[in-house]
Undergrad: 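Here it is, the structure in full.
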Amino acid sequence: MSTTPTTPLTDQRTELLREVGYDDGRAGTSLLVDQQIVASESAHPDVEVLPIGQALKTYDWLQDLMFGLIDPDEDEHVQQAAELLNDPVGHFVRVREGAVVTSPIQLFSILESPQGRQFTHNVTVIEAGAQVEMISGAAVPPSVHAGHHISIDECYIREGASCRSVSIERWGANMESHGYARTHLEAGASATTTALQLAPIRHHLANSVTWVERDGRNNDRAVMLAPAGTERVVDSTVHLVGDRAGSESVTRMVSDGGVIVNTATLVGDAPGAHGFVGCDGLKLTDDGHIEAVPALRAVDPTAQLSHEASVGRIAIEKLEYLMATGLDEDAARDLIVQGFVSLELDAVPEAVAELVAETIASAKTGGM
Amino acid sequence: MLEVRSLSASAAGVDVVRSVDLTIGAGEVHVLFGPNGSGKSSLLKAIMGLSPYEVTGGDIRLFGHDVSGHAPDERAALGVGMAFQSPPNLQGVSVRSLADALGADDRLDEALTMLDLPGFDRRQVSVGFSGGEVKRWEVAKLHLQAPRLLLLDEPDSGVDLEHVAAVAVAIDRLVRDPGDGAAPRSALVVSHTGSVIEGLEVDVGHLMVGGRLLHTGDPITLFDHIRTNGYVAPEPATTTS
Ligand SMILES: Nc1ncnc2c1ncn2[C@@H]1O[C@H](COP(=O)(O)OP(=O)(O)OP(=O)(O)O)[C@@H](O)[C@H]1O
Ligand SMILES: [Mg+2]
């Protein structure tokens with residue numbers, strides 16, 4: 001089922017996108033270039049991928065889902081995006097009830113105009129009992145250094161559904177990106193997300209809120225690198241609103257002269273809610289800083305919440321152990337950093353496991 | 001291969017090695033005995049250029065080069081390698097990725113087989129290794145590096161009776177069978193037990209106490225002496241300091 005012509009997937013674009021997860025033969029594909037969805041197609045009978053504007057005309061229930069999980073007045077960036085509501089740009093993904101989709105659905109954004117501004121508002125609905133994998137990637141051609149990307153993602157994972165996803169971002173070194181993700185996990189639903197944020201970017205805000213209902217399970221992993229000149233601000237909150245809802249969030253941060261501020265809050269609202277927040281930082285140079293703020297709020301007395309945070313330098317003992325084998329200091333450092341960030345990457349969709357490993361392996365500090 | 005002259009070294013302001021003289025020629029295997037805390041590891045680490053050991057006097061020459069001020073990797077590049085007594089855990093760094101980084105991927109399987117470490121290529125370096133596995137990995141690691149001078153810090157301690165023979169064989173192969181017609185290798189082995197002198201042809205034995213080398217001589221005689229008399233220099237002492 002193809003809803004728009006696929007010619008916009010030029011060789012140049014697919015080559016760029018392969019580095020952030022693109023491949024042929026996926027269950028569905030969406031591509032946003034600048035301020036236009038240029039491709040949205042599905043190769044699976046239970047998967048729909050549409051431009052959000054078209055989807056709004058097709059399904060009148062969709063208007064209730066737009067801004068269903070986020071307040072249009074959240075902040076100035078969201079407000080700007082909300083002003084485009086009469087002509088929204090973004091993708092709509094729907095996976096039908098009970099479908100088991102083994103090939104991933106892939107969703108991409110490219111900013112091709114230097115200094116461009118990109119607003120995107122995406123809605124994903126994984127219907128009851130469906131199982132799906134998703135890959136989302138962001139990229140710029142080498143010629144684009146500056147620009148601004150603002151995205152809103154609202155994701156509804158219905159009862160008993162499960163979604164495993166990975167996102168890989170490669171924005172320009174001088175860009176700004178503001179991302180707002182809102183996810184609602186219904187009873188028994190599960191989400192496993194892995195985010196790789198390794199490329200330099202001037203300022204990146206990643207703001208997310210997840211609500212987990214009864215027996216639902218949220219699992220997120222994020223790996224971020226901040227070379228000099230990069231600032232990442234991560235603010236995530238998980239609300240365990242249903243009985244026995246669970247969550248595990250682990251973030252690995254590496255500052256190589258850049259700044260990372262990571263605030264991760266876990267709220268246990270319901271009986272038997274349980275969760276863990278882990279933020280580990282590795283600081284490679286004297287410049288820059290890492291701030292790790294894990295927070296727990298147990299509203300229900302039976303909620304079991306815990307956190308762990310650590311920030312430090314590479315132990316000289318480890319560095320020298322490797323140097324004593326003959327590796328020079330940079331190679332030793334890279335090996336340790338790659339080990340540090342690879343620790344939590346066991347849950348990525350198989351289709352991109354190799355790419356993820358390669359992306360990590362090429363995440364040389366300093367030179368990235 | 002290795003010439004240590006009047007070497008003194010300190011760690012955190014404490015003198016741990018005191019005017020040590022030690023020369024190891026090509027193809028020679030030396031064993032270093034001494035009680036806990038006598039400075040054996042400190043001496044090896046000072047030779048390797050590791051922190052926090054600071055040379056406060058004398059010098060170290062490796063293969064004819066004065067290595068003062070050389071970082072550990074520069075010393076390794078000259079041809080020295082060390083099996084650590086207690087290596088750090090390298091979380092997330094797989095044995096295979098280290099072998100890759102060393103350009104020794106093709107030798108990994110053989111090295112792991114020799115030390116009976118099947119499946120360890122996917123393990124994280126030293127993470128969760130048992131005491132004996134740590135030792136066997138350290139020797140396997142030296143097979144990947146193939147250094148001309150081996151510094152082995154208690155390669156046999158904590159290794160069970162069956163594997164201690166495998167460790168000795170692996171060390172012996174490293175030393176005696178460098179392959180490709182290369183020059184014979186040398187080794188300095190720290191040990192508390194007789195297993196090394198039983199399983200290896202050792203040429204020279206040293207006794208270290210309180211940071212000093214008190215005696216240098218025949219390794220078997222020295223070991224027997226220590227067994228009977230404790231860590232005191234045999235008479236007449238052929239002291240080197
Ligand atoms: N980094 C350090 N800081 C302080 N003291 C140290 C340091 N390293 C070694 N020492 C001290 O120097 C002395 C020699 O230590 P070393 O590890 O060389 O002993 P060793 O002969 O290898 O002992 P063992 O047989 O127990 O391995 C000990 O008293 C030890 O506590
Ligand atoms: Mg020791």
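None of these values were measured; they are calculated from a predicted model. Below, chains carry the letters A, B, ... as their sequence lines are ordered, and counting in each starts from 1.
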Undergrad: May I ask you to name which of R75(B), K141(B), M82(B), Q124(B) has the most heavy-atom pairs under 4.5 Å with chain A?
TA: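 Of R75(B), K141(B), M82(B), Q124(B), K141(B) has the most heavy-atom pairs under 4.5 Å with chain A.
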Undergrad: Looking only at atom types and distance, does a side-chain atom of S10(B) sit under 3.5 Å from a main-chain N or O of G13(B), one as donor and one as acceptor?
TA: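 Not at all, since once roles are kept as given, no pair shorter than 3.5 Å links the two residues.
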Undergrad: Below 4.5 Å from any heavy atom of chain B, which atoms of I316(A) appear? Answer side chain, backbone, both or neither.
TA: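 Answer is side chain: those atoms of I316(A) sit under 4.5 Å from chain B.
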Undergrad: So which part of D100(B) gets closer than 4.5 Å to some heavy atom of chain A, the side chain, the backbone, both or neither?
TA: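 No part of D100(B) comes within 4.5 Å of chain A.
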Undergrad: What part of V125(B) lies closer than 4.5 angstrom to a heavy atom of chain A: side chain, backbone, both or neither?
TA: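 For V125(B), the contact with chain A is made by the side chain alone.
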Undergrad: Check for me whether R18(A) meets the cation-pi criterion with Y22(A), that is, NZ or CZ under 6.0 Å from the six-membered ring centre and within 45 degrees of the ring axis.
TA: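 No, a cation-pi geometry is absent between R18(A) and Y22(A).
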Undergrad: Do S68(B) and D66(B) get their side chains close enough for a donor-acceptor pair, meaning under 3.5 Å?
TA: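 There is such a pair (donor and acceptor under 3.5 Å, judged by atom type) between the side chains of S68(B) and D66(B).
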Undergrad: Picking from P147(B), P88(B), G49(B), P52(B), which has the most non-hydrogen pairs under 4.5 angstrom with chain A?
TA: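 Max contact count across the listed options: P88(B).
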Undergrad: Side chains of N89(B) and S126(B): any donor to acceptor distance under 3.5 Å?
TA: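 No donor-acceptor contact under 3.5 Å links the two side chains.
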Undergrad: With only heavy atoms counted, which part of L78(B) is less than 4.5 Å from chain A, the side chain, the backbone, both or neither?
TA: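 Looking at L78(B), nothing touches chain A.
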Undergrad: Should the heavy atoms of other residues, nucleotides or ligands under 6.0 Å from CD of Q304(A) be counted, would the total exceed 12?
TA: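 Not buried by this count: 12 neighbours or fewer within 6.0 Å.
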Undergrad: With a 3.5 Å cut-off and no angle check, do the side chains of S51(B) and E320(A) form a donor-acceptor pair?
TA: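 E320(A) and S51(B) do have a side-chain donor-acceptor pair below 3.5 Å.
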Undergrad: At a 4.5 Å cut-off on heavy atoms, which part of Q145(B) comes close to chain A: side chain, backbone, both, or neither?
TA: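 Only the side chain of Q145(B) comes within 4.5 Å of chain A.
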Undergrad: For F340(A), is it the side chain, the backbone, both, or neither that has a heavy atom closer than 4.5 Å to a heavy atom of chain B?
TA: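 When you check distances to chain B, only backbone atoms of F340(A) fall under 4.5 Å.
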Undergrad: Against the six-membered ring of F129(B), is R123(B) placed for a cation-pi contact (under 6.0 Å from the centre, within 45° of the normal)?
TA: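 Judged by the rule, R123(B) and F129(B) form no cation-pi pair.
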Undergrad: Side chain, backbone, both or neither: which part of A324(A) has a non-hydrogen atom closer than 4.5 Å to chain B?
TA: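 The answer is both parts of A324(A).
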